[in-house]
Amino acid sequence: MEKDGNTMRLLIKGVDTPFINALRRNVLAEVPCMAIDEVVIIENSSVLHDEIIAHRLGLIPLKTDLDSYNLPEECSCKSEFGCNLCRVTLTLDKEAKDGTITVYSGELISENPNIVPVSDAIPIVKLAKGQKLRLEAYARLGRGKDHAKWQPVSTCTYKYLPRINIDAESCDACGKCVEICPRKVLAKKGDKIEVRDLLACSLCQDCADVCPKEPPAIKIGWEENAFIFGLESTGALPPERIMIEAVKILKKQLKEFASQIEVQKA
Amino acid sequence: MKVNVLKRTKNELKIEVEGVGHTLCNILQRKLLEDENVDVAGYDIPHPLASNPVIYVRTKGNITPEEALLKAVDKLLEVSEEFSKALEKALKT
C-alpha cells in the first residue's frame with residue numbers, strides 16, 4: 001500500500017484474523033536479526049559499569065545479512081563461541097585524550113562492512129579526560145522471543161479496515177461528525193458528508209455518538225477479513241524482507257507440525 | 001518441535017506440542033473448526049510461562065483426528081502459499 005523508508009503499511013484482504021495474528025507474532029518473535037550478544041571488555045575506566053555498556057551495545061540495531069549468516073544453534077560449527085558464519089566481531093578503542101568526548105555507535109569497527117550499526121549517532125558512553133574504553137563485541141543472529149534486541153521491528157500492528165456508511169436520507173449535513181472526528185476522516189462537501197480519508201479512521205464511534213439523528217445517520221463498522229497491517233523496521237532488515245521471512249517461517253512451522261503428526265499416526 | 005500424545009481414542013486426540021505457542025495453535029484451531037467433520041477443537045496453554053500448549057481434537061467419527069489435523073495444515077499451507085505470492089506481487093509494484 002505505502003512505504004516510507006523503514007515503515008510500511010499493507011492492505012491485506014481475504015485472510016482471517018488468526019492468520020494475520022500469526023504473521024504479526026512471527027514478525028515480532030521469530031524473524032531473526034543481528035545484535036551484539038557477548039562483549040569482552042578489555043579496558044573500561046568510564047563511569048558506566050561493564051554490564052551497562054554491554055547492555056547498551058546489545059540494543060544497537062545492526063544491519064543484518066540473513067543470507068550469509070546462520071543462527072548459532074543451526075550453524076554447522078556447533079561451537080559455543082561461533083565461527084565466521086554465525087558471528088561478527090566489532091571492536092571499539094577510544095580514549096579521551098583532551099577533554100570530554102562522547103563515544104557513538106558509528107565508532108564501532110566491524111570486521112564485515114555489511115554488518116554495521118543502522119545509525120552512527122547512537123551515544124554509548126561519555127568519557128572524561130583520561131578515561132578509556134576498549135572492548136571486543138560479538139554480534140550474532142537471534143530471535144525476538146529470546147530478547148527484544150533481536151526484534152527486527154519496533155512496531156508491528158494490524159487493524160480492521162473501517163467501513164463508513166452515511167445514510168443520505170436522514171443526514172442533514174449538520175457537520176457535527178466532521179468537527180468531532182479526531183482523525184479528520186470526514187469532510188463536508190456541499191450539503192453532503194463525505195469520507196475524506198477512510199484508512200485514518202480508528203473506529204472510535206465518536207461521530208455516531210454525536211449525530212443528533214435517532215438512529216444515527218452515520219454508521220461505523222469494519223470489513224470482514226480485511227486488515228491494515230503496519231510494520232516499522234528498526235533498519236536491521238528492509239520491511240519487505242521481514243514480511244517474506246515471516247510467511248516463510250510460518251510455512252516451516254506448519255510443515256514441521258505435519259511431519260510430527262505423521263510420525264504419531266504411524 | 002515435539003509432539004506427545006496425552007490421550008487417544010478412535011475419534012479423540014489430545015496432544016502436547018513442545019516448542020510452539022499461540023501462533024501455530026490459533027490458526028490450527030480456526031481451520032479445524034471450519035472442518036465440518038470436526039466436532040470439537042481447541043487448545044490451552046495451562047501456564048503462560050511454564051507449559052506447552054495442549055491441543056484437543058474430537059471428530060464426528062468419519063475421519064480420525066490425525067487426518068483432520070493434517071487437512072487443516074494442508075489448508076493453511078495453501079493459504080500461506082497464496083499469501084506469499086500475493087505479497088511478492090504487491091511488493092514488486
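First the proteins, then the strands, lettered A, B, ... as listed; each starts at 1.
Distance check: A/Met243 CE to B/Phe83 CZ gives 4.0 Å after rounding to the nearest 0.5 Å. The structure places NZ of B/Lys31 at 4.5 Å from CG of A/Asp16, a figure rounded to the nearest 0.5 Å. Here B/Leu77 contributes atom CG and A/Phe257 contributes atom CZ; the two are 12.0 Å apart, rounded to the nearest 0.5 Å. A distance of 10.0 Å separates OG1 of B/Thr23 from CG of A/Leu23, quoted to the nearest 0.5 Å. Expressed to the nearest 0.5 Å, how far CG of B/Leu28 lies from CD1 of A/Ile261 amounts to 8.5 Å. With values rounded to the nearest 0.5 angstrom, B/Leu24 atom CG is found 10.5 Å from A/Arg25 atom CZ.
Remark: B/Lys14 NZ is loosely packed, at most 12 non-hydrogen atoms of other residues, nucleotides or ligands lying under 6.0 Å away. When the shell of 6.0 Å around NZ of A/Lys219 is examined, it contains 12 or fewer heavy atoms from other residues, nucleotides or ligands. Around NZ of A/Lys159, the count of heavy atoms belonging to other residues, nucleotides or ligands within 6.0 Å exceeds 12. For OH of A/Tyr138, the number of neighbouring non-hydrogen atoms (other residues, nucleotides, ligands) closer than 6.0 Å is greater than 12. Heavy-atom neighbours of A/Glu51 CD from other residues, nucleotides or ligands within 6.0 Å: above the threshold of 12.
The heavy-atom pair separating A/Leu254 from B/Val73 by the smallest distance is O-CG1, 3.5 Å. Counting all heavy atoms, side chain and backbone alike, A/Val247 lies closest to B/Ser80 at CG1-O, 3.8 Å. Here the shortest heavy-atom pairing between A/Ala22 and B/Ile27 reads CB-CG2, 3.9 Å.
Contact count against chain A (heavy-atom pairs under 4.5 Å) is highest for B/Glu81 among B/Glu82, B/Glu81, B/Lys2, B/Gln29. Options A/Gln253, A/Lys251, A/Glu240 differ in how many heavy-atom pairs under 4.5 Å they form with chain B, and the most are formed by A/Lys251. Interface summary for chain A: among B/Leu70, B/Asp74, B/Asn26, B/Val79, the most heavy-atom pairs under 4.5 angstrom belong to B/Leu70.
Proximity to chain A (any heavy atom under 4.5 Å) is restricted, for B/Ile15, to the side chain, taken from C-beta onward. For a residue to count as touching a neighbouring chain, one of its non-hydrogen atoms must lie under 4.5 Å from one of that chain's; by this rule B/Leu76 touches chain A with backbone and side chain alike. At a 4.5 Å heavy-atom cutoff, the contact between B/Val17 and chain A is made by side-chain atoms alone. Of the atoms belonging to A/Leu250, it is side-chain heavy atoms, and not backbone ones, that fall under 4.5 Å from chain B. Contacts between B/Glu34 and chain A at a heavy-atom distance below 4.5 Å involve the side chain alone, from C-beta outward.
Within the 3.5 Å criterion, the main-chain N or O of B/Val3 finds a donor-acceptor partner in the side chain of A/Gln264. With hydrogens and angles disregarded, a donor-acceptor distance shorter than 3.5 Å links the side chain of A/Gln260 to the backbone of B/Met1.
Pairs passing the salt bridge (charged side-chain N to carboxylate O under 4.0 Å, His left out) check and including a residue from residues 227-236 of chain A, sequence neighbours excluded, do not occur.
Within the 4.5 Å cutoff, the side chain of B/Leu91 has heavy atoms near those of the A/Met8 side chain.
For residues 38-68 of chain B, heavy-atom neighbours of chain A at less than 4.5 Å comprise B/Ile55, B/Glu66, B/Glu67, sorted by residue number.
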